[in-house]
Amino acid sequence: MNLVTITLPDGAQREYPVGCTPMDVALSISEGLARNVLAAKVDDKVVDASFEITQNSNLSLLTWNDTDGKQTYWHSSAHLLAEALEALFPGVKLGIGPPIQYGFYYDVDFGDYKFTDADFDKLESKMRELAKTNSAFVRQEVSKSDAITYFEEKGDPYKLDLLKDLEDGSITFYQQGNFTDLCRGPHIPHTGHIKSIKILSTAGAYWRGDEKNKQLTRIYAITFPKKSELDAHLEMLEEAKKRDHRKLGKELEIYTFDDDVGPGLPLWLPNGGAMIEALESYAKKVEREGGYERVKSPHIARESMYLKSGHLPYYKDSMYPPMEIDGVNYYLKAMNCPHHHKIFAATPKSYRDLPIRLAEYGTCYRYEQSGELFGLMRVRSLQMNDAHIYCTEAQFEEEFQNVNALYLKHFEKFGIEKYVMRFSKHDPARLGEKYIDMPELWIKTEAMVRKVLDKMGVNYVEVEDEAAFYGPKIDIQVYSAIGREFTLATNQVDFAQAERFDLFFINEKNEKERPIIIHRAPLSTHERFIGFLLEHYAGRLPVWLAPKQVIVLPISDKYAAYGDEVVKFLKKHDIRASIDHRSEKAGKKIRDAEVSKTPYMLIVGEKEAEANSVSVRMHGGTDLGLMELQQFADRIIDEAKL
RNA sequence: GCCGAUGUAGCUCAGGGGUAGAGCGUUUCCUUGGUAAGGAAAAGGUCAGGGGUUCAAUUCCCCUCAUUGGCUCCA
């Protein structure tokens, strides 16, 4: 008998007959393992547990504890969902049903039927019923013509659309119970593994992600092998809700929206104002040290400027419509760059002046689609931590590197550990349409950017067709504590606008030369950054950022006057302090201060008043005991240092 | 912009064809207390806005606005 050598993840090698399956291997190890095997990885390819191994291979058996195991499990669950849908709603047309980070979805065309939350229970029960049949997922290779015939007979236009792009010889069907789907696989051995099922939500989703196509109903769901895991997952979702910046923003009175002001136009409450001030002080300090100069520009500009910059043709739809003044169109600025370019151009520049770094917390207005608005993360008015660096080609590398270093410095300050730099490049096919038509410059600047990234040794990914219209960019993706991904900051190279604005400096040879421009906004916008920080810190902001750093809690009205003195003293030291004058008991005041997430509570009563001191309690309950007032102030000043 | 859901007091929510309720918060009074909720009373709502059906609409229907889960988009 012919044998194959199977190498397991721990390096152990075993011999099995040719044609053995991962399931055979699992059975030979232990029955318990075999019961839990969902799929397998053979030489880094995820396959069914029934895959026939015909050559020497590396094998890992995948269970629920493996990411690929979960993905396979959820993918199979999507098939189960589809089977249940066909049973309950004969004639539904199925789109695609992939696994996602948590769970899976299936895109479905219900025809005239309106699928709603009310159908969730019914669907869940049907899925449970079908899961219990322990139906095996059976793989079958089919020819393209047979596949087309099958779906033509079934009348499934979406599957036929998918088949168009598939090559004959690579097409497989999977069948479980009465349901057959076009699918590459792999799948779990049988439906019996699927025990706990929850339909989560529905949404509209365009077929193939194209808004010109029909919108299908997307059903989101999740499944688990155990009920306890489903419960844990649902609890995690609840926890995530508690950290949502929209909830915290309301509870901590950071910002609000008002119908009369308009959608996407946040009003910053005093607590939000304090955060903004803290962030700006920090940014200004760092930028001052980095050789930036601060400028200030108006919120509107004539149409001619945006025609010159080239923004208007590209972004007209997402700018607020123009207002006509004295027969001329003015636009609210959606970006600060053109204003800064004009500031650069205002005075003649020598190569000796470069690099010039112009910084501004500029307020911009973007007419985001109504459906895009999302708390503070997507808004229509935004205060940007903006700056533009004008430098020579020789200076570019160092400048660009410094900007990247600045990003890393900020991440450290805010304890941001999880991030990805996304190097966004142009798509040559879209030159002149989405991207400025200067092919050789694209290639040159992209190479320059890549060089810096490689040199710095930061982790980055390259993506096509994501650049700005005027040059390549680096987007910084960060992940909030609740797993939401954001493009927080961006760092862009611009080789086009200097030409358009006729920006130049006089070089060593007494000739005019174009500067390269770097656009950067490492602290994003106040809106997005504060939204992110609220989630990142779960509302428990570090002292330097906390809108209320200290709250004084007099034990009784008798010590109110002393409490006022304490507040006055702290305010003199630029500490954001306030006092709770309600005639409540200390316990109640402490509770309320805890709920408001104030970092420091100062309890003052008889002994504190006598000793010109305060009893210090930190948020969370740590008791620092009695401290001299000055001693406490020093501590806060030190902690709040930028 | 598109598909779906939601909109009742400052907040979180209950209610339901006969013009409204709770808890928290707020104000006042009592209480003057030592590290996560003391007591009482009061104020507070055109039930998002507009239209329709009805003797009667906050409730049912339609439209608009806003929020929201997604899709598309994001200089």
Side-chain angles (χ1 to χ4, degrees), chain A residues 100 105 107 110 114-118 200-220 244 246-247 250-251 253 256-264 306 309-312 314-319 333-338 364 366-375 377-379 382 384 386 424 434 466-471 473 475 486-487 490 492 494 497 519 521 528 553-560 582-595 601-608 615-626:
Chain A
I100 50 178
Y105 65 78
D107 283 347
F110 281 101
K114 256 174 101 179
F115 183 84
T116 66
D117 301 17
L200 295 169
S201 60
T202 59
Y206 302 106
W207 171 240
R208 299 203 148 190
D210 188 336
E211 61 182 323
K212 289 181 199 76
N213 287 340
K214 179 161 183 185
Q215 197 159 39
L216 309 180
T217 304
R218 177 167 295 180
I219 302 173
Y220 284 91
D244 191 303
R246 292 166 297 183
K247 185 171 160 64
K250 194 178 273 180
E251 286 170 358
E253 299 181 5
T256 191
F257 287 104
D258 185 281
D259 280 3
D260 282 328
V261 177
Y306 296 112
S309 73
H311 282 101
L312 208 47
Y314 289 95
Y315 299 111
K316 189 169 202 251
D317 286 347
S318 41
M319 289 174 79
K333 68 172 168 182
M335 68 297 292
N336 301 301
C337 351
C364 299
R366 295 180 182 177
Y367 187 74
E368 301 284 1
Q369 293 184 59
S370 59
E372 290 316 309
L373 300 176
F374 175 72
M377 297 301 187
R378 279 295 284 279
V379 288
L382 29 128
M384 210 187 298
D386 214 353
S424 303
K434 188 176 172 188
E466 290 284 338
F469 76 86
Y470 45 64
K473 63 175 180 172
D475 283 331
F486 296 103
T487 300
T490 135
Q492 303 165 358
D494 178 350
Q497 288 197 63
H519 304 234
R528 188 172 286 196
L553 311 176
I555 291 290
S556 82
D557 294 348
K558 286 184 216 152
Y559 313 106
R582 297 172 306 167
S583 58
E584 294 288 351
K585 296 211 274 195
K588 169 73 167 164
K589 292 186 183 182
I590 286 167
R591 188 193 131 79
D592 289 346
E594 285 285 345
V595 169
M601 286 154 243
L602 303 182
I603 292 99
V604 297
E606 190 176 358
K607 63 178 186 229
E608 288 81 7
S615 286
V616 184
R617 179 194 159 111
M618 294 174 75
H619 175 78
T622 309
D623 190 351
L624 297 180
L626 203 65

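In what follows, chains carry the letters A, B, and so on, assigned in the order in which the sequence lines appear, proteins first and then strands, with residues in each chain numbered from 1. FYI, side chains are in, hydrogens and waters are out, and symmetry mates aren't considered; it's all heavy atoms of this structure.
- The separation between A:L216 atom CG and B:rC3 atom P is 13 Å, rounded to whole Å.
- Two residues are said to be in side-chain contact when any heavy atoms from C-beta on lie closer than 4.5 Å; A:M319 and A:K333 fail this criterion.
- Between A:H519 and the options A:D494, A:N336, A:T490, a side chain to side chain donor-acceptor pair (under 3.5 Å) holds for only A:D494.
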*Audit row: A:D244, A:R246, salt bridge (Lys or Arg N to Asp or Glu O under 4.0 Å) steps and yes/no*: CA-CA 5 Å; A:D244 191 303; A:R246 292 166 297 183; 2.6 Å; yes

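- At whole-Å resolution of the value, CZ in A:R582 and C1' in B:rU32 are 15 Å apart.
- For the P atoms, the distance linking B:rG15 with B:rG7 amounts to 11 Å, nearest Å.
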*Annotated protein contacts, base or backbone, on nucleotides 35-46 of chain B with a non-hydrogen cut-off under 4.0 Å, one of B, S, - each*: BBBB--------

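- A 4.5 Å side-chain heavy-atom check between A:R528 and A:L382 finds every atom pair outside the cut-off.
- For the C1' atom pair drawn from B:rA57 and B:rG16, the interatomic distance equals 11 Å after rounding to whole Å.
- Counting to the nearest Å, the P atom of B:rG34 and the NZ atom of A:K558 are 11 Å from each other.
- With C1' as the reference atom, B:rG17 and B:rU53 are 12 Å apart, rounded to whole Å.
- Checked by atom type and distance alone, the side chain of A:E594 pairs as donor or acceptor with a backbone atom of A:G620 at under 3.5 Å.
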*Return one dot-bracket line describing RNA chain B 5' to 3' (Watson-Crick or G-U wobble pairs, both distances under 3.5 Å; ( ) same strand, [ ] crossing, | another strand, . none).*
(((((((..((((....[..)))).(((((.......))))).....(((((..]....))))))))))))....

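- Between B:rG52 and B:rA41, the distance separating the two C1' atoms is 44 Å to the nearest Å.
- Atom name P, nucleotides B:rA56 and B:rC11: the rounded distance is 33 Å, in whole Å.
- Between A:R617 and A:I590, the closest side-chain pair of non-hydrogen atoms falls below 4.5 Å.
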*Please lay out, stage by stage, how A:Y306 and A:K316 fare under the test side-chain contact (heavy atoms from CB on, under 4.5 Å).*
CA-CA 9 Å; A:Y306 296 112; A:K316 189 169 202 251; over 6 Å; no

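- Across B:rC13 and B:rG51, the matching C1' atoms stand 29 Å from one another, rounded to whole Å.
- Comparing the C1' positions of B:rG45 and B:rU58 gives a spacing of 11 Å, expressed to the nearest Å.
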_At under 4.0 Å between heavy atoms, how does the protein contact nucleotides 66-75 of chain B? Give one character per nucleotide, 5' to 3', with B, S or -._
SSSBBBBBBB

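- Whole-Å rounding puts the A:D258 CG to B:rG10 P distance at 13 Å.
- For A:Y315 and A:F469, the ring centers sit closer than 6.0 Å to each other.
- Between the side chain of A:K589 and the main chain of A:P554, a donor-acceptor pair closer than 3.5 Å is present.
- Here, B:rC63 and B:rA5 have their P atoms 12 Å apart, quoted to the whole Å.
- Side-chain atoms of A:R366 come within 3.5 Å of backbone N or O of A:A334 as a donor-acceptor pair.
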*asked:* If you apply the rule side-chain contact (heavy atoms from CB on, under 4.5 Å), what do you find for A:I555 with A:V604, and how did you get there?
replied: CA-CA 6 Å; A:I555 291 290; A:V604 297; over 6 Å; no

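- Counting heavy atoms from C-beta on, the side chains of A:M335 and A:S309 never come closer than 4.5 Å.
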